[in-house]
Amino acid sequence: MEVMAGLPELLAAALQPAFDRFEPGSDPVVRPSGRAGVDFQANGAMALAKRLSQRPSEVAEQIVGWADLQAVCSSVEVSAQGFINLTLADSWLAGRVGLHAGDPRLGVVPAPRAMTVVVDYSHPNVAKEMHVGHLRTTVIGDALCRLLSFAGHTVVRENHIGDWGTPFGMLIEHLLDIGEEEAAHELSVGDLDSFYRASRAAFDASPEFQERARHRVVLLQSGDPETLRLWQVLVDQSVAYFQAVYERLDVLLQPSDVVGESSYNDLLPVVVQELDERGLLVVSDGARCVFPEGFVNRDGTPLPLIVQKSDGGFGYAATDLAALRDRFGRLAADLALYVVGAPQAQHLAMCFAVAEAAGYLPSAEQAVHVPFGNMLGADRKMFKTRAGATVKLGDLLDEAVVRASAAVAERSELDAGERAAVARMVGIGALKYADLSTDRIRDYVFDYDRMLAFDGNTGPYLQYARVRCLSIFRRASLEIADFLNGSVEVVISEPPERALALALLGFSAAIDETLATWSPHKLCTYLFDLAGLYTTFFESCPVLKAPSPEVRDSRLVLCAVTAATLGLGLSVLGIEAPERM
RNA sequence: GCCCCUGUAGCUCAGUCGGAUAGAGCGGCUGCCUUCUAAGCAGCGGGUCGCAGGUUCGAGUCCUGCCGGGGGCGCCA
């Protein structure tokens with residue numbers, strides 16, 4: 001079987017020889033067409049005509065005359081302005097969908113060169129509650145991991161948790177004050193915020209506590225075994241708590257993916273030494289810095305990346321550099337993605353620049369910041385992550401399931417046993433889809449009603465469309481697999497069948513575009529359009545009561561491929577799909 | 001002050017390497033459950049694509065300037 005390719009590429013390839021006769025290598029510029037009755041349009045003739053000082057429509061006419069599109073298109077027309085309008089033949093389209101149905105990957109070709117990709121995402125802080133600010137990095141990062149795996153790459157998930165730094169002196173002393181058992185209990189029930197706040201309160205209230213905390217930091221940094229043991233208690237309890245959240249959210253992260261800041265401690269002096277050896281290090285105001293080119297601060301003077309502070313402590317830049325060294329060295333990564341908020345853009349750009357200069361990063365394009373916009377409060381300001389009260393991620397997940405349970409109870413005919421599982425998939429699916437379905441770079445205002453909507457362009461709408469595909473097979477006691485082996489002929493008679501078929505063939509392009517730009521919302525948009533076209537088809541084209549057995553079987557193929565596409569699409573986004581709802 | 005991101009329908013957002021008459025969801029209005037799941041469908045109404053220039057056969061898309069919003073700019077991470 002020929003390698004499945006996207007329709008635009010296929011048409012462009014068919015037109016290329018004709019374009020080459022005018023000007024070798026000129027681009028046919030094939031795009032989907034919005035015009036009624038036209039599937040694609042080739043716009044390249046107009047630019048070509050301009051360059052050759054000829055009439056666009058005449059150039060287009062000649063190209064059409066030379067091109068061999070008989071087998072593929074039912075109509076090829078040239079507009080007065082020089083657009084070439086291409087309409088695929090129903091029979092060709094039907095045959096194409098038949099092939100598509102037999103492909104378990106639904107037309108998505110594995111990446112020609114499999115890479116090792118490190119994805120850095122989620123990164124919550126030890127002894128701190130996961131809040132809604134962690135949602136975007138976690139959900140987007142997880143979707144990218146799944147997409148990359150599906151594309152054939154080796155994915156190394158790294159959860160770069162905040163498990164080191166001066167706050168731990170305070171946290172450990174507080175742990176001792178309330179007793180290990182009580183501390184472990186508080187942390188294990190996920191009440192990290194009150195633990196952290198109580199530590200902070202003790203620190204602010206008592207000079208004696210402050211002194212103990214400072215001393216404890218020294219003990220921690222010097223590797224005192226008992227202090228490390230207490231620190232480990234905090235880390236272990238926190239990681240267990242994170243894991244509970246991840247499982248509720250249905251993300252891939254495991255405790256074994258945790259590579260906390262502390263894991264680079266031994267590397268930090270090495271990094272400093274190597275930066276020094278390469279002549280990159282400059283001491284400025286007592287701090288050891290690198291001044292990457294092109295970065296300036298307020299007054300126009302060069303902006304430093306502070307690697308080692310004047311007090312001898314290492315800044316987080318040192319940790320980030322060590323992580324880059326580790327990822328491209330020990331792990332031999334081909335690519336590292338940083339699913340980190342947009343405010344860190346400058347910091348990461350500086351780290352990447354320094355890492356490249358230091359030889360840690362082989363080439364600039366191999367480290368990619370995948371930024372996302374801020375979650376804003378009702379006041380349109382950034383949700384505070386430091387002192388300010390924000391919404392706990394756990395509370396948001398609770399609310400998602402509560403609302404979904406109510407919706408399931410109200411709308412679904414499922415029995416009680418199935419309802420809980422479906423409510424979880426619907427609620428969490430709605431929440432994740434809400435985050436994935438808009439361009440990640442944009443800021444958005446935190447809003448329960450928007451994030452947990454179940455109608456319209458939402459996760460549940462996609463789940464529901466798939467459920468409606470599956471219910472047809474259940475109703476008729478048919479196996480969906482029998483319609484996904486390429487053995488059943490597809491015929492196209494009604495417009496909704498045709499529109500659905502055309503959309504199904506666009507899956508690989510949607511995946512490609514999503515990965516090319518690290519933008520899950522592109523796949524969401526595709527799936528939503530597909531679900532809408534399926535629903536139109538579902539409303540107007542009876543399947544089990546089709547006019548003939550041939551049409552019935554053909555429509556069953558369309559249902560089967562739609563279900564498979566929605567299921568696979570949701571799956572690579574990290575959204576579960578129930579069998580019924 | 002400098003830099004980054006952003007501005008599209010009442011609200012929330014899509015809009016592909018610049019293509020023809022800018023789309024969807026929510027909300028509003030009108031219909032549609034005796035036929036495969038109404039978390040749905042069909043239809044109506046809704047636009048100075050922030051503003052002004054420029055490039056181009058063609059600009060929501062590219063360039064410049066201005067305005068509004070968010071963020072960043074040396075020892076927190």
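Just so it is clear, the model here is predicted, and its values are computed rather than measured. In what follows, every chain begins at residue 1, and chains take the letters A, B, ... in the order their sequences are listed.
- Ring-centre distance between Tyr338(A) and Tyr121(A): not below the 6.0 Å cut-off.
- Here Cys469(A) lies out of heavy-atom contact (under 4.0 Å) with every strand.
- Between Tyr316(A) and Phe314(A), the distance from one ring center to the other does not fall under 6.0 angstrom.
- As judged by a 4.0 angstrom heavy-atom cut-off over every strand, Ala342(A) is placed among residues making no nucleic acid contact.
- If you check every strand for non-hydrogen atoms under 4.0 Å, Tyr461(A) touches sugar and phosphate atoms only.
- Nucleic acid contact class of Gln41(A) (heavy atoms, under 4.0 Å, all strands): base.
- Base engagement by Val426(A) is indicated by at least one non-hydrogen atom pair under 4.0 Å involving a base atom.
- In this model, the phosphate group of C57(B) is not approached by any side-chain N or O of Arg55(A) to a distance below 4.0 Å at OP1 or OP2.
- Salt-bridge formation is detected for the pair Asp449(A)/Arg403(A): a Lys NZ or Arg NE/NH1/NH2 atom is positioned less than 4.0 Å from an Asp or Glu carboxylate oxygen.
- When heavy atoms are screened at a 4.0 angstrom cut-off, Asp27(A) is found touching base atoms of the nucleic acid.
- His521(A) has its NE2 atom 17 Å from the P atom of G25(B), to the nearest Å.
- Using a 4.0 Å heavy-atom criterion, one finds that Phe528(A) contacts the sugar-phosphate atoms exclusively.
- Checking the phosphate oxygens (OP1, OP2) of A38(B), a side-chain nitrogen or oxygen of Arg468(A) falls inside 4.0 Å.
- No side-chain N or O of Asp39(A) forms a donor-acceptor pair with one of Thr87(A) less than 3.5 Å apart.
- Of the candidate nucleotides U16(B), G69(B), G40(B), U16(B) has the atom lying nearest to any side-chain atom of Arg31(A).
- Contact of Tyr316(A) with A77(B) (side chain to base): a donor-acceptor pair of N or O atoms is detected under 3.5 Å.
- The CE-P distance, from Met451(A) to C13(B), rounds to 12 Å in whole Å.
- Using a 4.0 Å heavy-atom criterion, one finds that His347(A) contacts no nucleic acid atom at all.
- Contact annotation for Pro343(A): backbone-only contact, meaning every heavy-atom pair under 4.0 Å involves sugar-phosphate atoms and none involves a base.
- At the heavy-atom level, Thr458(A) lies nowhere under 4.0 Å from the strands shown.
- The side chain of Arg411(A) approaches A39(B) more closely than any other nucleotide in the set A39(B), A20(B), G40(B).
- Across all strands shown, Cys289(A) has heavy atoms under 4.0 Å from base atoms, whether or not it also approaches the sugar-phosphate.
- In terms of polar N and O atoms assigned as donor or acceptor, the side chain of Ser284(A) comes within less than 3.5 Å of the base of G74(B) in a complementary pairing.
- Using a 4.0 Å heavy-atom cutoff across all strands shown, Asp311(A) reaches no nucleic acid atom at all.
- The phosphate of A42(B) has OP1 or OP2 within less than 4.0 Å of a side-chain N or O from Thr536(A).
- A straight line from CD of Gln81(A) to P of A59(B) spans 13 Å, rounded to a whole angstrom.
- Contacts of Val29(A) with the nucleic acid, taken as non-hydrogen atoms under 4.0 Å apart, are absent.
- If you check every strand for non-hydrogen atoms under 4.0 Å, Arg298(A) touches a base.
- Between the side chains of Thr301(A) and Asn297(A), a donor-acceptor pair is found at a separation under 3.5 Å.
- One donor-acceptor pair, N or O on each side, does fall under 3.5 Å between the base of A20(B) and the side chain of Asn85(A).
- When each of Arg474(A) and Ser437(A) is assigned the nucleotide of RNA chain B with its nearest heavy atom, Ser437(A) is the one assigned upstream, toward the 5' end.
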